[in-house]
Amino acid sequence: MLANMSPECQKQHENMDAHVIIIHLKDLFDMSSKIESYETFKELFCFMMIKNSSMNTYILKMMTVLRN
């Protein structure tokens, strides 16, 4: 399992068995996923529709945020 990791990651996990490595990596990726979701929703909630503007424009802005 360590052979497929970057050198930094190998050093970090060299004294762990496979099960512990998998749990640790899962925790790391879950946290980054939660942070990314939070940032996306924060950006979406900051969008405000401008008075007399097109609903199309507003929705397209929101969709571009979701795609990134």
Side-chain angles (χ1 to χ4, degrees):
M1 181 181 268
L2 288 174
N4 295 324
M5 295 181 179
S6 67
E8 304 87 36
C9 200
Q10 284 178 3
K11 288 178 186 175
Q12 185 179 16
H13 295 99
E14 66 187 354
N15 295 325
M16 298 180 189
D17 65 353
H19 181 70
V20 175
I21 293 172
I22 290 170
I23 290 172
H24 183 250
L25 292 174
K26 183 181 177 295
D27 289 344
L28 287 174
F29 286 108
D30 281 349
M31 182 55 74
S32 65
S33 157
K34 288 177 186 176
I35 292 169
E36 186 176 333
S37 293
Y38 170 79
E39 292 297 328
T40 301
F41 280 110
K42 186 172 99 176
E43 195 170 344
L44 281 174
F45 289 132
C46 289
F47 277 123
M48 295 178 69
M49 192 167 170
I50 300 170
K51 189 174 181 177
N52 298 324
S53 67
S54 163
M55 178 63 89
N56 259 353
T57 306
Y58 178 70
I59 292 183
L60 286 173
K61 281 183 184 179
M62 290 176 62
M63 288 174 61
T64 56
V65 168
L66 291 174
R67 276 190 238 148
N68 295 334

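Along the sequence shown, residues are numbered consecutively beginning with 1.
- Side-chain contacts under 4.5 Å among hydrophobic residues (ILVMFWY), followed directly or transitively, place Ile35 together with Met31.
- Taking CD1 from Ile22 and CG from Leu25, the interatomic distance works out to 8.0 Å, rounded to the nearest 0.5 Å.
- Remark: Ser33 engages no residue in a side-chain contact (heavy atoms from CB on, under 4.5 Å) (not counting sequence neighbours).
- Rounding to the nearest 0.5 angstrom, the gap separating the CD1 atom in Ile23 from the CG atom in Asp17 is 8.5 Å.
- Here the NZ-OG1 distance, from Lys42 to Thr40, works out to 10.5 Å after rounding to the nearest 0.5 Å.
- Heavy atoms from other residues, nucleotides or ligands lying under 6.0 Å from CZ of Phe41 number 12 at most.
- Phe29 and Tyr38 fall into different hydrophobic clusters, where Ile, Leu, Val, Met, Phe, Trp and Tyr residues are linked whenever their side-chain heavy atoms come under 4.5 Å apart, directly or through other members.
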